[in-house]
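First up is the structure itself, then whatever we jot down about it.
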Amino acid sequence: MAPVLGETYSNPFQLDQEWEDYGIGDPYILRYDGKYYLYCSTKDRRVGIKAWSSDDLVNWRYEGLVTEEPVSEGAYAPEVVYWNGSFYMYTSPAGKGHYVLQSDKPTGPFVKKTDNLGLTIDGSVFIDDDGQWTFTHAKNGGIMAAPMSDPYTIGTGKQLNTTSLGHWTEGSMIIKRNGRYFMTYTGNHVFSRGYRVNYGVNRESPVGTYTIPENNPILISTDKDFNGLGHSSTVLGPDMDSYYIVYHNLVGVSAEGPPVRRMNLDRLVFNGDKMSVLGPTYGSQQEAPRMPLFRDALGAPPSEERWERMSGAGGGRMLELLLTRELTDSRYTAEYNFTLADSGKSGSASSLEAIFAYEDQENYRSARVDGGKMELVLIDCVNGVETSVAAQPLPEGTDLTKLHTIRVQSDSSGTMLYWDGLLRIEQTGMAAKPGRIGYGWPQGADPELRYTAFSNEAGGSSDRNTIKPLPGSIEAVHGIPEGSPAVRQGITPDGSDAVVLSGKGDGITYPVNVRQDGTYLLSVSVAKSSAGSTLVVETEGVTKKVKLEASYFVEDGEWTKVPLGQFELKQGTGWLSLRRDKGEIALRYAEASLTVPVPEESVIKPTQVGILNRFGGDSGWTDYTVSFEVTMKQQTTEETAVLVRTTNESDHKDQVKDGFMGYELAFRSDRVVLKRISYEKSSVLDFASLPFAPGQTRRMTVKLEGAAIAIFADESSQPLLRWTDSNGFLRGRVGLKGVSTVWSVSPLTVTAPQ
């Protein structure tokens with residue numbers, strides 16, 4: 001039976017009361033008390049900031065203008081942080097420096113609290129587990145980061161390493177997941193089709209040295225109807241385990257000139273140091289964010305059908321207990337939102353128990369808020385004996401009369417307690433126990449209980465369970481295991497985990513959602529040690545055995561992306577399985593790309609996209625041969641280039657000149673150079689001697705087969721150069737680079753493989 005999507009949504013969104021002739025640009029989503037609040041940039045020369053609210057990230061209600069302060073005219077990229085009872089908004093009106101506004105509600109009214117703080121545009125706040133605030137913002141050529149001493153005061157900043165897209169870089173945001181800092185950022189120009197999102201990862205500090213993984217950019221599309229993807233933000237999903245990325249795309253031209261912007265939402269997934277987007281998706285129905293198994297706003301007297309109220313002992317005190325009737329599984333994330341009354345009203349220091357794993361009055365666990373000591377304490381009660389497992393102070397200045405959130409994450413690896421989104425206690429080895437969740441408080445106290453929920457997901461388990469959109473890339477660890485495959489850490493170059501299939505019956509199956517009928521090229525990143533093994537691919541009821549020949553792999557690398565062949569996939573949900581047949585196979589990820597047949601022969605004079613770089617053919621072409629003549633008219637130090645396997649081409653004056661992803665074959669007077677281009681990231685793969693005399697014409701042939709590129713000159717049957725790319729571009733069209741008066745290149749003849 002095919003997987004069931006359930007509730008669905010489709011990108012891009014179009015919301016009620018968007019800015020007319022502008023749409024939603026630079027979207028930012030705040031999660032607060034179980035609800036979501038969306039803010040976006042204000043159309044130029046208009047005053048006020050609009051907001052929407054949602055319970056599920058899909059269905060949005062317009063909340064009106066949350067501020068009408070004069071400084072909100074043309075307010076760019078407003079972001080809102082909740083902390084200790086206040087909502088702080090950071091925005092840069094018309095891009096002329098930042099202001100901080102404050103409100104007691106997420107829907108305002110927000111009031112200006114600072115003068116202009118400067119710091120260009122696109123300010124974003126990250127609060128680390130130790131309570132340290134960091135402010136990041138845009139800078140020409142990178143992202144700046146500065147410490148904050150309070151919500152209104154920003155210290156001296158420094159430029160972060162490598163967080164640059166080669167030109168103007170903006171739209172930064174930091175989140176922390178599984179002990180890693182992930183920063184997303186956008187460039188080069190908001191009106192460029194190649195506006196895109198990259199990310200960096202850091203294990204030590206939000207302002208330290210970031211590594212830029214090879215799967216960048218994580219969001220890009222230059223399609224006619226869906227391009228200019230960028231200025232993203234990231235938010236925790238309703239199940240409290242998943243993450244989603246929200247961003248805008250460009251559409252047409254507004255009456256005032258600039259493109260209109262539309263909002264989009266896609267799923268983020270994580271694998272060690274690697275972060276990926278399941279997308280970008282557009283124009284097709286996708287699985288909506290999954291809701292918690294249990295949720296209740298608790299704004300009214302608790303329902304007796306869902307809650308049980310009783311009295312019980314705890315910590316030497318008699319407590320009032322409120323417990324769910326529904327039990328968690330043996331893996332779960334639970335969330336508790338509450339405010340505590342002033343201690344003077346109850347005659348004792350405010351305290352509260354966020355209870356989980358409740359079996360009976362003698363066996364339970366809790367996250368105890370000790371208002372006297374201002375501590376968060378992890379309690380484990382077994383057979384009536386309470387043990388204080390760990391304790392950490394609450395953040396400095398915590399006001400317990402304001403709304404606070406405790407989140408408990410518990411699975412087989414341990415239990416973690418979060419306070420207002422900050423990880424305060426991590427107890428490895430304290431494996432999850434199933435049970436009820438709820439609250440306990442001293443008799444006579446009067447806490448205000450708010451949104452409460454749990455889901456049976458924790459530690460990224462939802463990344464494995466979500467339905468994966470195709471075309472796209474899927475991490476091996478995010479499949480459903482068959483047999484006894486092993487997860488291996490520390491063996492991949494990008495810090496991700498791999499899956500090893502070594503036993504009889506070992507395999508991985510993925511629930512997938514195919515965007516459209518078509519022929520798809522399936523490929524996998526596999527370890528060189530897998531050479532000679534046989535992998536079985538099953539999809540749409542078709543089974544194919546693929547031997548991983550040694551010739552498929554790079555000679556000097558441990559991992560290679562290997563094509564498995566083309567498969568017919570039908571629109572809608574289904575299953576994709578990868579199983580071991582012979583040998584041992586180590587897998588990092590799988591990819592599925594929509595293809596188009598290569599004509600038997602076609603002559604192409606590239607003209608599309610721009611003046612500097614021109615393209616022709618189809619981005620869905622896979623293996624093909626390109627033949628052409630290149631002539632050096634006179635001695636020169638200039639070069640010319642032919643482009644192959646190119647996708648995501650863009651041309652804009654305010655972006656890097658090489659606005660595409662693919663390969664460049666550059667000709668100089670004495671050599672030919674093979675380069676790999678991915679916008680700002682350009683690397684020389686190899687070169688070979690190929691001397692030209694003035695006026696000389698040479699006939700070139702380039703054969704692209706799988707991850708291998710072979711280049712031949714004149715009538716030679718021996719390649720001048722042969723290269724296998726470990727992370728190869730496996731499809732794309734052809735093109736020419738540059739305009740030269742001393743070089744000429746004939747039209748390109750493209751033929752299908754024989």
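Model, not experiment: these values are computed from the prediction. FYI, the numbering just counts along the sequence from 1.
- Sorted by first and then second residue, the side-chain hydrogen bond (donor to acceptor under 3.5 Å, both in side chains) pairs involving residues 406-421 (not counting sequence neighbours) are His404-Asp420, Ser410-Thr415, Asp411-Ser413.
- A cation-pi contact, defined as under 6.0 Å to the ring centre and within 45° of the axis, is absent between Arg177 and Tyr243.
- In this structure Asp104 satisfies the salt bridge (Lys or Arg N to Asp or Glu O under 4.0 Å) test with no other residue, sequence neighbours excluded.
- A salt bridge (charged side-chain N to carboxylate O under 4.0 Å, His left out) check over residues 201-210, counting only residues at least two apart or in different chains, returns the pairs Arg203-Asp273.
- In this structure, the ring of Trp307 has its center less than 6.0 angstrom from the ring center of Phe294.
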Donor-acceptor pairs are to be reported for all side-chain atoms of residues 421-429 against protein atoms at under 3.5 Å, with residues two or more places apart or in another chain.
from   : atom 1 : to     : atom 2 : distance (Å)
Arg424 : NH1    : Asp129 : O      : 2.6
Arg424 : NH2    : Pro393 : O      : 2.7

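- Among residues two or more places apart in sequence or in another chain, the ring-ring contact (aromatic ring centres under 6.0 Å, His included) test is passed with Tyr39 by none.
- Residue Leu327 comes nearest to Phe454 through the heavy atom pair O-CZ, 3.6 Å, listed as atom of the first residue, atom of the second, then distance.
- Residues that satisfy the salt bridge (Lys or Arg N to Asp or Glu O under 4.0 Å) test with Asp399, not counting sequence neighbours, are absent from this structure.
- For Phe87 and Tyr32, the ring centers sit closer than 6.0 Å to each other.
- The two residues Ser72 and Ile49 have their closest heavy-atom pair at CB-CG1, 4.2 Å.
- Residues meeting the ring-ring contact (aromatic ring centres under 6.0 Å, His included) test with His478, sequence neighbours left out: none.
- With sequence neighbours excluded, the residues forming a side-chain contact (heavy atoms from CB on, under 4.5 Å) with Pro151 are Tyr88, Tyr90, Trp133, listed by chain and number.
- Ion pairing between a basic and an acidic side chain is recognised when a charged N comes within 4.0 Å of a carboxylate O; Arg368 and Glu386 show such pairing.
- When the side-chain contact (heavy atoms from CB on, under 4.5 Å) test is applied to Asp360, the partners found at least two apart in sequence or on another chain are Glu362, Asn363.
- Applying the salt bridge (charged side-chain N to carboxylate O under 4.0 Å, His left out) test to residues at least two apart or on different chains, the pairs with a partner in residues 27-42 are Arg31-Glu335, Asp33-Arg450.
- Nearest heavy-atom pair, Val58 versus Glu7, reported as atom, atom and distance to 0.1 Å: CG1-OE2, 4.3 Å.
- Between Tyr199 and Tyr185, the distance separating the two ring centers is not shorter than 6.0 angstrom.
- Listed by chain and number, the residues in a ring-ring contact (aromatic ring centres under 6.0 Å, His included) with Phe182 are Phe270 (sequence neighbours excluded).
- With sequence neighbours excluded, no residue forms a ring-ring contact (aromatic ring centres under 6.0 Å, His included) with His231.
- You'll find the ring centres of Tyr9 and Phe13 inside the 6.0 Å limit.
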